[in-house]
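Report on the structure given below.
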Amino acid sequence: MVDERLRTVDEHLAIILAGIGSIDPIELTLLDAQGLLLAENVDTPIALPSFDNSAMDGYAVRAIDTRDASPESPVTLQVVGDVAAGAKSRSGMGPGLAMRIMTGAPVPAGADAIVPLEQTDGGVAKVAVLEPARTGSHIRRAGEDLTAGSSALRAGAALGPQQLALLAAVGRDRVTVRPRPRVLIISTGSELIEVGRRPGFGEVTDSNSYLLAAAAKDAGADARRIGIVPDDHAKLLDVLESQLLRADVLVTSGGVSMGAFDVVKQALTELGTVEFTRIAMQPGKPQGFGHIGGRVPIFCLPGNPVSSLVSFEAFVRPAIRKLLGKRTIHRATVQATALEGATSPAGVRQYRRGVLHREASGGYSVSFAGGPGSHLIASMASSNCLVVIDEEVTQVAAGSRVTVMPLLLSNR
Ligand code: AMP
Ligand code: MG
């Protein structure tokens, strides 16, 4: 065996990120843009609010007319009409008069204050005002939120509910955003069958395409399962070629090890633009990454389900986040107390499935879910985090602190 120095996870990720460009912005309707980053500066053509309006149900008055009002000697004003929200024209009123007004209704010309209903007798033809009003009280001024022509949101803003509300308020029903990368998932292996049929001897139901499509979707991608391709050179190249135009990222699983039928590695190595490397990580040692069709990044992940998940988390997720334009492309990690010990080979970054617990004291503790075997789907399903055991660590003692990457569902 050749004494080969394995590439580290960090080195491999750096190579991947350097090979990930950006996707042209697209225009989307507001709710389709949720969770994405704005790719344009949006100025508001209108002021917010766009007209002076009442903040309360009450009476529009001239403040000076209520100067002497008190509960003992109320000031009585004649009510010359009602203004409701949605009034299409601005009403007006003269001195010594009042208009009944509803929240959001335009303040009549001639009025400079709103007396809340609670500070009156609620009269209809005339109203007794029990307290003096200050000039401008309970009036929301035109432009006090945003003036016409000013900036509403800048490129790069993340579009959550609050930002979508603002875009709607300033009249934008479509905006230009960084799109969700179209990530296509291909499972390779002649043993694989579609879900729904009971596997015969030697057959394995394809679960990786669900794992990877769901993980890609959770990372923010527009993810699709393309299906199963057998271990057949020509079929694999056909499928890849037919999907190229539809993809911003391709992800395959399986067929990247040393086996005689590891056709992903064989077929794509021949293309010359995809490199197959061994990474100092466990699981997930064999990895392929490169570009096909001169443009589309392709990740070739090992087929064991746990290896696929770990490889996705280590390499594909950060790439998807970069394509989305996100500032934080890495998952947050926490420090937790290991509830049991573990060993890890020197020079290898080990990712173990774990169950993270929140302690009453506020800290975290973590136990391991299942063994290190990367075929263990059920123990993977019982985990909620990855425990990351760094390259230089060979022994984790029970009670020591370890780095944990919670696999929280994102808010997409
Ligand atoms: P490979 O990386 O192709 O050598 O596959 C490694 C192991 O993972 C084999 O036991 C495969 O049967 C299994 N495997 C590969 N692809 C999938 C898949 N899509 N779903 C479930 N298991 C898979
Ligand atoms: Mg295989």
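Just so you know, these numbers come straight off a predicted model, no measurement behind them. Remember, it's 1-based here, ligands and their atoms both numbered in the order they're listed.
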Supply the atom-to-atom distance [X] [atom1] to [Y] [atom2], rounded to the nearest 0.5 angstrom.
X      : Y      : atom1 : atom2 : result
Leu184 : Leu212 : CG    : CG    : 12.5 Å
Leu167 : Arg174 : CG    : CZ    : 13.0 Å
Leu48  : Thr147 : CG    : OG1   : 9.5 Å
Glu392 : Ser344 : CD    : OG    : 10.0 Å
Ile15  : Thr277 : CD1   : OG1   : 7.0 Å

Margin query: In this structure, does ligand 1 have an atom that sits under 4.0 Å from one of the heavy atoms of Val256?
Written below: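 Contact check Val256 vs ligand 1: negative.
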
Notebook entry, point to check: So is Gly259 close enough to ligand 1, meaning a heavy atom under 4.0 angstrom away?
Noted result: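 No, that is not the case, since the closest heavy atom of the residue is not under 4.0 Å from the ligand.
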
With heavy-atom distances below 4.0 Å as the criterion, list the atoms of ligand 1 near [X].
X      : value
Ser187 : 19 (N)
Thr205 : 20 (N), 21 (C)
Gly254 : 1 (P), 2 (O), 3 (O)

Nearest to [atom], what protein heavy atom do you find, and at what distance?
atom                    : result
atom 10 (O) of ligand 1 : Asn304 OD1, 4.3 Å
atom 19 (N) of ligand 1 : Asp206 OD1, 2.8 Å
atom 17 (C) of ligand 1 : Asn208 ND2, 3.2 Å
atom 21 (C) of ligand 1 : Ser207 OG, 3.4 Å
atom 22 (N) of ligand 1 : Val204 CG1, 3.9 Å
atom 9 (C) of ligand 1  : Glu191 OE2, 4.0 Å

Check: Is it the case that Arg225 places NZ or CZ above or below the six-membered ring of Tyr210, under 6.0 angstrom from the centre and within 45 degrees of the axis?
Finding: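 Yes, Arg225 sits over the ring of Tyr210.
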
Check: Does the cation-pi check pass for Arg352 over Phe368, that is, NZ or CZ under 6.0 Å from the six-membered ring centre and within 45° of its axis?
Finding: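 Judged by the rule (NZ or CZ under 6.0 Å from the ring centre, within 45° of its axis), Arg352 counts as positioned above Phe368.
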
Checklist line | Under 3.5 Å side-chain donor-acceptor pair for Gln395 and Thr343 | finding: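 Their side chains do not contain a donor-acceptor pair, so the 3.5 Å distance test is not met.
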
Note to self: Between ligand 1 and Gly303, is the shortest N or O to N or O distance under 3.5 Å?
What the structure shows: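 Yes; at least one N/O pair falls below 3.5 Å.
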
Next item on the list: Indicate yes or no: does an N/O atom of Gly255 lie under 3.5 Å from an N/O atom of ligand 1?
Entry: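 So ligand 1 has an N or O lying under 3.5 Å from an N or O of Gly255.
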
Notebook entry, point to check: Hey, would you say the Tyr364 and His357 ring centroids sit under 6.0 Å apart?
Noted result: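 Aromatic pair excluded; centres sit 6.0 Å or further apart.
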
